[in-house]
Structure formats: C-alpha cells, structure tokens
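Step one of this worksheet: look at the structure below.
Owing to the predicted nature of the structure, the values given are computational and were not obtained by experimental measurement. Every chain is numbered from 1 and lettered A, B, ... according to where its sequence line falls, protein lines coming before strand lines.
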Amino acid sequence: FLGKRTIDDSFLDDLEDSLISGDVGVKTTLEIIDRLRERVSKNAFTSEKELIEQLHETISDSLKSGMKGVETFDQFMEQVSMKKPFVILIVGVNGVGKTTTIGKLASRFNKLGKKVVLGAADTFRAAAADQLEIWAKRAEVRIVLHQDGADPAAVAFDTVQSALARNEDVVLIDTAGRLHNKLHLMDELNKIQRSVEKILPGAPHEVFLVLDASTGQNALVQAREFSKVVRISGLVLTKLDGTAKGGIVLGICNELKTPVRFIGVGEQIEDLRPFDPEIFVDALFE
Amino acid sequence: DLSAKFDSVFRKIRGENRITELNIADSMRDIRRALLEADVNIQVAREFTEKVREKALGADVLKSVSPGQQIVKHVYDELVTLLGGSHTGIRFSQKLPSVILVCGLQGSGKTTFCGKLANQLKKQGKVPAIVAADIYRPAAIDQLKKLGSQISVPVLSYGIQDAVEVARRGVEESRLAGRGVVIIDTAGRLHVDSEMMDEVRRIKEAVSPEEILFVVDAMTGQDAVNTAKAFWDTVSYTGVVMTKMDGDTRGGAALSIRQVVGQPIKFLSYGEKLESLDPFYPDRLAQRILG
Ligand SMILES: Nc1nc2c(ncn2[C@@H]2O[C@H](COP(=O)(O)OP(=O)(O)OP(=O)(O)O)[C@@H](O)[C@H]2O)c(=O)[nH]1
Ligand SMILES: Nc1nc2c(ncn2[C@@H]2O[C@H](COP(=O)(O)OP(=O)(O)OP(=O)(O)O)[C@@H](O)[C@H]2O)c(=O)[nH]1
Ligand SMILES: [Mg+2]
Ligand SMILES: [Mg+2]
C-alpha cells in the first residue's frame, strides 16, 4: 500500500471516550468526532497519527481564536500597560480559587515593576478579607479593606478611586464566590461592575471568570450566566495540578469565544502560568 | 425530557410486534447521554445503561401502555437504588469524645461543613468542638474561629506546624474538657499529592475517628471517580458529603462515587449559611440527575 491505512471505528470510539473523560462534554465531543468521521470517510488522513496531529491543531486553533491576537503573556502585559490603572475584576462560583489567583497575579505584576492594589470586595465570607490581606503581604502589594458586611460595590469603587489618586498601575478586585442561579448575588455582581465603571469609564478592563478544572458540565452554565451580568473577557482555569483535564473550556470557547488567560497549577504564589493551548491539548489526550 | 423522548420512540416501535435490542438502542443511547450530561462518570454511565437495557426488555415494558414511561421509571428506580437506601446518620462512639474527620479536595466546602455539622450536633445536645488542623491555607484558622463564634462552638488551634499533632492535641483537650464530639477540619489536598495524602492517613491513625467524611463539590465532573477512589484507598472514609447542592448542577458525581466506592452519602449542603445542611434523600437526587 502507499502508506494508506484505514482508521477503524474503535480508534474513534476510544478518542470519543477520552474526550468525554476529560470533561469536554457530549455535545462538543460529538461535534469533534462526527467531523472526524466525515473526514475519515473521505480518506482525509493517511494514518491515525496524522488524524491526532490534525485534531490537536484544530482544537488549539479554536482555543486560540478567542484570544483575538493577544496570545502571549507579553502581549497581555502590553494591553495592561495601555490603561492606568488597568482594572481586573475576578468572579466565579464558591471555592474555585479566586482569592488565591489574585495573590498569584498580584505577585507576578509586582515583579514586573507594576504598582498593584487589591480590592477586598468579598465582604461576606468568614475571614475572606483576612485571607486576601495575607496574599497582599506575600505579593508585597497594597490592599483596600472595608469592615465585614460593607457594600462590595463601595469597596470596588474606593479601590479604583484610590488607585487613580495614587497613580497605580493595576487594580485586582476580589469578589465573593456566588452561584449563578442566585439572582440577587448576580445583581450584586452587576452592581460591582457598574460602580467600577462609574469611577473609571471603560473599567473593568478585564473580567476573569475563574473555573475549577475539576468542574463538569455546569461550567458552561456558569460561563453563560456570569456573562449575562458582567463582561467576561477571560477565563482562569485552576487546580490543573490535579488529574482533571479542564476539558469544559472547549465548549465555553466554542460558544462564548472567551479565551483562557491563565491556569492555576498549585497553591503557592508562583503557581500561575499564562495559558498555552498546545500544552493544554497535549494534556487533554494523555 | 427523557420520558417524552422514549414515548415517541416506542410509538414507532409499536408497529413492530416487540421491542428488540435494535430498536431500543436509541433510547439506551439517550439515557447514557443524559447521564453523561449530568456528569456521571463515563464507565459508570455505561454500566448503568446496561442494567437498564436488561430491564427495558422485560415484560412490564413490553406490555405497557406507555413503555417510554416504564423505562424512565426503571431508570429512576435503578438510580434511587444505586444512590443508596435510607438516610445514614453519623456514627458515634461509645467512649467520648466521638471523633469525626473531615477531608477532601481544595475548595470543596470542608471548613463551612465543619461549622454546619457542629451547629447541627450542638442542637442535638451533643457537645461539639472543632479542631483547626488546616495549618496551611491563609486565614483558615481565622475562618473556622469566626464560624465557631457564630454558633458558640469552641475552635481549638495550636500554633504548631504539624497537622497530625494539632489533631491529636485537639482530641485530647476535648476529652479532658468533656466534649461529646470533636470535628477535625483538614486542609484541602490533591489525591496526587503523596505527602498530603500521607498526612491525612497519619491524622486518622493518630485519632482513630469513628466517622471520616469525604467532602465533594456537587459540580465535580469526570474526575470525581479518581479522587473518590484515591481518598478511599488512603483513609477508607465512612461517608460522603455533597456540597453546593443549592446550585443547578445535576450532581452525577454522586452516582459515580456511590457506584465506584459504595460509601453512603450522608449529608447534602444547600447553601453558605450554617443552617443549610440536609440529610441525604436518594429520590430527590435521582430526579435531579435525570434532569
Ligand atoms: N491545588 C491547587 N489548589 C488551588 C489552586 N488555586 C486555588 N487553590 C486552593 O483552592 C482553595 C480555594 O481557594 P480560594 O482562593 O479561597 O477560592 P475562592 O474562589 O476565593 O473561594 P471563595 O472566595 O470562598 O469563593 C484553597 O485551598 C486554595 O489554596 C490551584 O491552582 N491548585
Ligand atoms: N453556595 C454554597 N456555597 C458553599 C457551600 N458549602 C461551602 N460553600 C462555599 O464554598 C466556598 C469554599 O468553602 P470552604 O469551606 O472554605 O471550603 P474548604 O473545603 O474548606 O476549602 P479549602 O480549605 O481551601 O480546601 C466558600 O465560599 C463557602 O462559603 C454550599 O453548600 N453552598
Ligand atoms: Mg475568595
Ligand atoms: Mg477549609
């Protein structure tokens, strides 16, 4: 034969299984597999190896497409340098790693010479402000705190206002974890965004939705619902140091075109990496 | 919804004289898909659907006026059976204090659950104390102390960098103070972190808990089986707690964990407040998983 080798059904079945096991979800997995079956029937591939290589490329291209040209960390920092202060709002459901991610981001920006201030706008959960305060010390950045039970929108407003007054470079605003089906909490989040906008038109410049890599199909619902109340501009995928693959981002990127900006790979301050689609897709198929 | 889908499939099948393997294949695929969309583990969904297939070829379905509904009833019944019979409560020991060890992955809701459990036990007349054995997370001890003060339950902490020793001292201090129950909060940990998994095993060995609860976030996907198995291999927990059930996630992880590890789901946490803790009702979760 001329190097042609038929790709059998069981190969595609195994591929389907590994995508579903990686939390890619049924709908997105079937879209990928059906498209592959069609191409296989047209003899588009000369070998299984070639099919896998092209599949990798297709998936990482779709993950890159949401990045709108801001692909590397340096390109992201160029964006950050264009606004003063550059305001990032951090949102997501309970326990996903928002506060820890802010500590890591703060440290990274600080090490690049940026003046950073944190806004402790989680005024609800027990010791949330204490937790963020410890991260501020570790990252060597300033923090704005109000008393427990204060209006989170006011904390956000004050943080941005003080950053303007002090000519600081980056504002990171922490918010309380909240489930997207709690409408009053979604309203509160919208109010926080609006109060930041009020003191600085155009802000927040980035709103990161933090997702736990071990989350299942509910992540897509989270992304949809949070996008309705705040301008989600990026995702942070945490706890990728576990065995979960975080395949949920494929469906989110397809549907909402939201890029993954960073990944969390541990609990220490340095355990944050810019998102690399190729490395991510390799891990998905391991 | 599944029932309506199956009814339309069976209306077509009616024309043929019996339900065969072939013509229920689509329905079985629909069931498996519904389970996967509910985050049930892929292998568990496969095995579960296989069980339902056998029942689907049974006489009651064939003779039924609405075979679709019959099949869904089988799916539902099978789910309820698998999820586990009646509510299983906390195991208490004869000699005091009874020790409850709480463990799980990062952010699953352990610390909050310790507060909820202490709240419930206090109302039941047990005299609980909580031991703050998460010595790593920033302000973890503060968090627990604040929760404890909300319900007037003592939170014991020691400024030492050894979680096993903290747990041991906490149990000993509680015993001397005549406490009825000690709840030990531990740090979130990954099942692939061998040092931390060894730590929780050593805590167990040091305090011999009657009850070890594995706390799981209800929105966990396919990875639930990996973590549930690994924690099972390390500490053979006696019960499972599903948290954040006030969200809209389908909760299929519960079925996967029940199937693969077999330990009972003892509590469902339904919110951030310390009052929001319910015993587990398998029929309600079955409805939810089916969507
Ligand atoms: N292994 C691992 N753990 C992480 C990662 N990111 C955060 N965590 C841990 O996850 C737990 C929750 O992190 P938090 O930062 O408190 O999460 P949060 O979203 O702010 O939580 P709430 O404010 O309560 O909603 C902590 O134990 C963190 O150390 C990560 O990338 N890897
Ligand atoms: N909506 C909701 N939130 C919950 C529930 N249980 C816990 N939470 C929230 O989930 C987040 C994490 O809870 P924690 O108790 O800090 O979780 P943990 O397992 O102790 O976290 P680590 O110690 O970092 O591993 C907090 O924001 C809690 O308020 C629940 O049943 N419903
Ligand atoms: Mg937080
Ligand atoms: Mg905790």
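- The environment of CD in A:Glu140 is sparse: at most 12 heavy-atom neighbours from other residues, nucleotides or ligands sit within 6.0 Å.
- For B:Arg250, no part sits under 4.5 Å from any heavy atom of chain A, backbone or side chain.
- Contact annotation: the side chain of B:Met219 approaches that of A:Val93 to within less than 4.5 Å [non-hydrogen atoms, C-beta and beyond].
- With hydrogens and angles disregarded, no donor-acceptor distance shorter than 3.5 Å links the side chain of A:Asp130 to the backbone of B:Gln143.
- When each of B:Gly107, B:Ala224, B:Pro138 is scored by its heavy-atom pairs under 4.5 Å with chain A, the top score falls to B:Pro138.
- Residue A:Leu30 touches chain B through its side chain alone, counting heavy-atom pairs closer than 4.5 Å.
- Chosen from A:Arg138, A:Lys27, A:Arg125, the residue pairing most often with chain B at heavy-atom distances under 4.5 Å is A:Arg125.
- Counting heavy-atom pairs under 4.5 Å between each of B:Val225, B:Asp217, B:Asp142, B:Thr112 and chain A puts B:Asp142 at the top.
- The part of B:Glu272 that comes within reach of chain A is its side chain, from C-beta onward, which places non-hydrogen atoms under 4.5 angstrom from that chain.
- The most heavy-atom pairs under 4.5 Å with chain B, out of A:Ala219, A:Gly247, A:Ser21, A:Gly242, come from A:Ser21.
- Salt-bridge check for B:Arg46 with A:Asp17: passed, with a basic side-chain N closer than 4.0 Å to an acidic carboxylate O.
- Across all their heavy atoms, B:Gly247 and A:Asn181 have their closest contact at C-ND2, 3.4 Å.
- Contact of A:Glu133 with chain B is not made at all, since no heavy-atom distance falls under 4.5 Å.
- A:Gln217 and B:Asp39 make their closest contact through N-OD1, 2.8 Å (heavy atoms, listed as atom of the first residue, atom of the second, distance).
- B:Asp246 touches chain A through backbone and side chain together, each having a heavy atom under 4.5 Å away.
- For the pair B:Leu147 and A:Ala126, the tightest heavy-atom approach, listed with the atom from each and the gap, is CD2-CB, 4.1 Å.
- Within 6.0 Å of the NZ atom in B:Lys51, the count of heavy atoms belonging to other residues, nucleotides or ligands exceeds 12.
- B:Arg201 CZ: more than 12 foreign heavy atoms inside a 6.0 Å radius.
- Of the residues considered (B:Gln106, B:Glu37, B:Gln150), B:Gln106 shows the highest number of contacts with chain A, using heavy-atom pairs under 4.5 Å.
- Between A:Glu225 and B:Asp248 the shortest side-chain heavy-atom distance does not fall below 4.5 Å.
- Of the residues considered (A:Asp23, A:Asp212, A:Leu132, A:Leu179), A:Asp23 shows the highest number of contacts with chain B, using heavy-atom pairs under 4.5 Å.
- With respect to chain B, the highest number of heavy-atom pairs below 4.5 Å among A:Ile248, A:Val96, A:Thr243, A:Thr238 belongs to A:Thr243.
- Contact of the A:Lys245 side chain with the B:Gln222 side chain is not registered, since no non-hydrogen atoms from C-beta on lie closer than 4.5 Å.
- A 4.5 Å side-chain heavy-atom check between B:Leu105 and A:Lys239 finds every atom pair outside the cut-off.
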